[in-house]
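Have a look at the structure below before the remarks.
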Amino acid sequence: MSRSFYVDDLSKHFGGFKREYSESDFVLFGVPFDSTSSFRPGSRFGPAAIREASANIETWSWRTGMDFEEIKLHDLGDLAVVHGDAAETIRRVREAVEDIILSKKIPVMLGGEHIITLGALRGVRDTTVVSFDAHFDMRDDYLSNKLSHACVMRRALDELGVKNVVIVGTRASYRDEIEFVKKSGVNYISSQRILNGGAKEAGAWLKEVLADSKKIYISVDMDVLDPAFAPGVGNPEPEGVPTSTLLDLIEEVVDERIVGFDVVEVSPAYDSGVTAVTASKIVYELCCMVAKSIGL
Ligand code: MN
Ligand code: MN
């Protein structure tokens with residue numbers, strides 16, 4: 001049989017193509033870690049599912065008028081994680097992101113559960129984080145664990161200060177957390193307000209909140225979307241925003257200050273496939289929006 005019947009498995013590379021690290025503007029890596037998942041585990045399989053989906057969707061971005069195939073992105077593969085050890089995994093993520101930042105490239109991280117974002121924030125340093133999420137993730141600890149996915153934005157707040165943590169799409173919380181968020185003055189916007197006022201109004205609010213930020217890191221917890229649009233997540237919550245509204249809102253705020261982004265919490269065992277496809281699409285569009293805004 002001819003060797004030409006054997007193909008290089010491009011589904012192992014995000015977007016289905018390979019590009020050298022040295023010629024890249026974006027550097028993507030996966031973090032297959034889900035040890036603190038409290039409801040529906042399995043986001044460790046998220047990066048593989050998102051990559052596979054990414055190699056099987058079309059590349060043209062109607063929003064930006066760009067082709068994702070022209071985006072210079074290198075896929076490092078997945079980080080070796082230590083299951084059960086969030087602190088060590090966070091440390092490795094921080095080092096990975098520091099390396100990417102040092103080589104003047106933009107880190108793109110695929111989760112995995114949300115706690116990994118803490119490592120990325122430590123890697124990019126002194127940034128504002130915008131967390132698109134149904135949840136605040138502002139518990140001081142969860143089940144006695146301070147490094148739980150449910151605490152990631154509380155740890156970010158500890159390290160970056162209240163002005164540098166913004167939560168978008170909230171609709172799931174409990175009394176103590178709401179009281180903490182209100183007392184400490186965390187900037188947030190609920191999914192109801194986005195749905196009622198639209199992406200333009202929410203975008204205007206977000207731009208004002210971000211006016212003094214020098215750097216912006218975007219974290220997309222896929223449960224910000226309504227479960228109708230993203231069923232395969234660890235903690236689904238009804239009354240979320242549709243995919244188009246999320247992308248409209250992201251488009252409102254992306255500018256030259258974006259220093260990195262992640263898409264987390266895809267749990268393929270609960271997915272019909274649409275969550276992984278949507279996660280890929282969000283990465284495509286974010287890369288195109290960022291590339292366009294900084295003139296790449
Ligand atoms: Mn989250
Ligand atoms: Mn969430």
Side-chain angles (χ1 to χ4, degrees), residues 31-44 46-47 50 86 89-90 93 109-122 128-143 145-160 164-174 176-178 180-181 186-192 194-195 217-243 245-246 249-250 260-268 270-271 275-276 278-279 282-283:
V31 185
F33 183 80
D34 62 2
S35 297
T36 82
S37 295
S38 47
F39 182 30
R40 310 199 306 181
S43 65
R44 70 175 67 181
I50 297 168
T89 300
I90 290 164
V93 170
M109 180 168 71
L110 305 179
E113 59 152 282
H114 211 168
I115 194 62
I116 62 174
T117 299
L118 184 59
L121 295 175
R122 287 175 178 170
T128 300
V129 57
V130 182
S131 181
F132 293 86
D133 198 325
H135 310 88
F136 287 114
D137 291 346
M138 285 274 179
R139 283 174 152 95
D140 190 34
D141 71 88
Y142 189 56
L143 307 173
N145 181 6
K146 284 188 173 258
L147 295 177
S148 161
H149 67 97
C151 310
V152 60
M153 288 303 139
R154 182 65 172 267
R155 297 290 84 78
L157 186 147
D158 293 344
E159 296 177 18
L160 299 168
N164 289 313
V165 180
V166 185
I167 315 289
V168 179
T170 322
R171 60 190 181 279
S173 189
Y174 73 117
D176 288 0
E177 195 180 39
I178 293 275
F180 170 80
V181 161
V186 174
N187 286 305
Y188 71 93
I189 184 165
S190 69
S191 61
Q192 278 82 11
I194 300 167
L195 289 165
Y217 182 91
I218 290 181
S219 181
V220 180
D221 179 330
M222 287 295 286
D223 70 31
V224 71
L225 293 171
D226 191 87
F229 296 85
V233 295
N235 294 79
E237 283 287 344
E239 291 211 80
V241 294
T243 308
T245 307
L246 175 68
L249 185 46
I250 289 175
F261 57 90
D262 63 51
V263 176
V264 299
E265 294 284 354
V266 172
S267 193
Y270 300 93
D271 196 14
T275 314
T278 303
I282 292 169
V283 173

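Just so you know, ligand 1 is whichever comes first in the structure, and atom 1 is the first atom listed for that ligand.
- Ser190 places no side-chain N or O within donor-acceptor distance of the main-chain N or O of Arg171, the cut-off being under 3.5 Å.
- Atom CD1 of Ile115 and atom CG of Asp34 lie 13.5 Å apart (nearest 0.5 Å).
- Expressed to the nearest 0.5 Å, how far OG1 of Thr243 lies from CD1 of Ile282 amounts to 6.5 Å.
- Asp221 and His135 share no donor-acceptor pair across their side chains, judged by distance under 3.5 Å alone.
- For the Mn ion (ligand 2), protein N, O or S atoms closer than 2.8 Å were enumerated as Asp133 OD1, His135 ND1, Asp221 OD2, Asp223 OD1, Asp223 OD2, with waters left out.
- Between Arg154 and Asp137 there is no salt bridge, since no side-chain N of the basic residue sits under 4.0 Å from a carboxylate O of the acidic one.
- In this structure a side-chain-to-backbone donor-acceptor pair under 3.5 Å is present from Arg155 to Asp140.
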